[in-house]
Amino acid sequence: MAISAKLLGEDEYVVVSTRTHWKALIGPVFLLLVVAGAGGFLAAIVPSGSLQTPARIAILAVGVVLLAAFALKPVLNWYFSTYTVTNRRLITRHGILTRTGRDIPLMRVNDVSYEHGLIDRILGCGTLHIESAGERGQVVLPDVPHVEHVHLQMSDLLFGGPDGKMGDGILDDEEPPEHMRRRPDQAQQQRPRPDDGETIFSSDEDDRRR
């Protein structure tokens, strides 16, 4: 499920990697149960005779076609669609035969938020909204498992922890964008306090002695 290490850059590592929530499988599983039950019932009531075997084969074929058309594709889409957050970017991958992907550098993300209704809260998932400075603007990731945890991880990467440090999404030799720069009042709070007996002020007499 995790992205291949060959696709990661230098000093890049995976923070979160997940598929969409398993609730995407509820429909296919329900359809499987209905088709299996109906198929078994119809096969059981087929009258005996020379047409019994062809009729049961036809019932089986119809069931397989229904499952392939309405159940197999959602399952494969769920299996091959992944959301990955590294300390540098957000990576999305979708598609079965034709793969599509999108990478968003964390430095371009302006805001990240989430929402989940009552059903999503019961199932433990939600929708993640990501505002980026790119051409496409907002990115919506539906049915993200443990969405609150993923939101917290991304917030720490983007905006740093309570100590005011920059998140891992900022390289040491890069200038962070305006919305991620530390404000002067934050910088003031980070200045070390003088030890007991020391002072940060100096008198004119002290200056002359120096």
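In this text, all values refer to a predicted model and were calculated from it rather than measured experimentally. All residue numbers refer to positions in the sequence shown, counting from 1.
The distance from atom CH2 of W78 to atom OG1 of T20, rounded to the nearest 0.5 Å, is 7.5 Å. The line from CZ of R102 to OG of S132 is 5.5 Å long, rounded to the nearest 0.5 Å. Note that NE2 of H94 is 9.5 Å distant from CG of N77, once rounded to the nearest 0.5 Å. If you take OG1 on T92 and CD1 on I130, they are separated by 9.0 Å, rounding to the nearest 0.5 Å. Distance check, rounded to the nearest 0.5 Å: CG of L106 to CG of L157 gives 6.0 Å. Here the straight-line distance linking atom CG of L152 with atom NE2 of H146 works out to 13.5 Å at 0.5 Å rounding.
Counting all heavy atoms, side chain and backbone alike, V75 lies closest to P28 at CG2-CB, 3.8 Å. In terms of heavy atoms, A55 sits closest to V46 at CB-CG1, 3.9 Å.
Linking ILVMFWY side-chain heavy atoms closer than 4.5 Å, directly or via other members, places V109 and Y13 in a single hydrophobic cluster. V15 and L158 fall within the same hydrophobic cluster, defined by Ile, Leu, Val, Met, Phe, Trp and Tyr side-chain heavy atoms under 4.5 Å apart, directly or through other members. A continuous path of ILVMFWY side-chain contacts below 4.5 Å connects V62 to V35, so both sit in one hydrophobic cluster. I104 and M154 fall within the same hydrophobic cluster, defined by Ile, Leu, Val, Met, Phe, Trp and Tyr side-chain heavy atoms under 4.5 Å apart, directly or through other members. Both F70 and L67 sit in one connected hydrophobic cluster of ILVMFWY residues. Membership requires side-chain heavy atoms under 4.5 Å apart, directly or through other members.
Here the side chain of R121 pairs no donor or acceptor atom with the backbone of G117 at under 3.5 angstrom. Of the possible polar contacts, none joining the D111 side chain to the E131 backbone as a donor-acceptor pair under 3.5 Å is found. Side chain of R93 to main chain of S81: no donor-acceptor pair is present (N/O by atom type, distance under 3.5 Å, no hydrogens or angles). Side chain of H129 to backbone of V112: no donor-acceptor contact under 3.5 angstrom is found.
Applying side chain to side chain contact (heavy atoms under 4.5 Å, CB included) to V85 and the options L90, V14, T18 leaves one that passes, L90.
With sequence neighbours excluded, the residues forming a ring pair (Phe, Tyr, Trp, His ring centres under 6.0 Å) with H116 are Y114, listed by chain and number.
A cation-pi contact, defined as under 6.0 Å to the ring centre and within 45° of the axis, links R19 to Y79.
With 3.5 Å as the limit, one finds a donor-acceptor pair spanning the side chains of E12 and T86.
Residues W22 and L123 are in side-chain contact: their nearest non-hydrogen atoms beyond the backbone lie under 4.5 Å apart.
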- Pair K23-D120, salt bridge (Lys or Arg N to Asp or Glu O under 4.0 Å): steps then yes or no: CA-CA 9 Å; K23 79 174 188 178; D120 288 343; 2.8 Å; yes
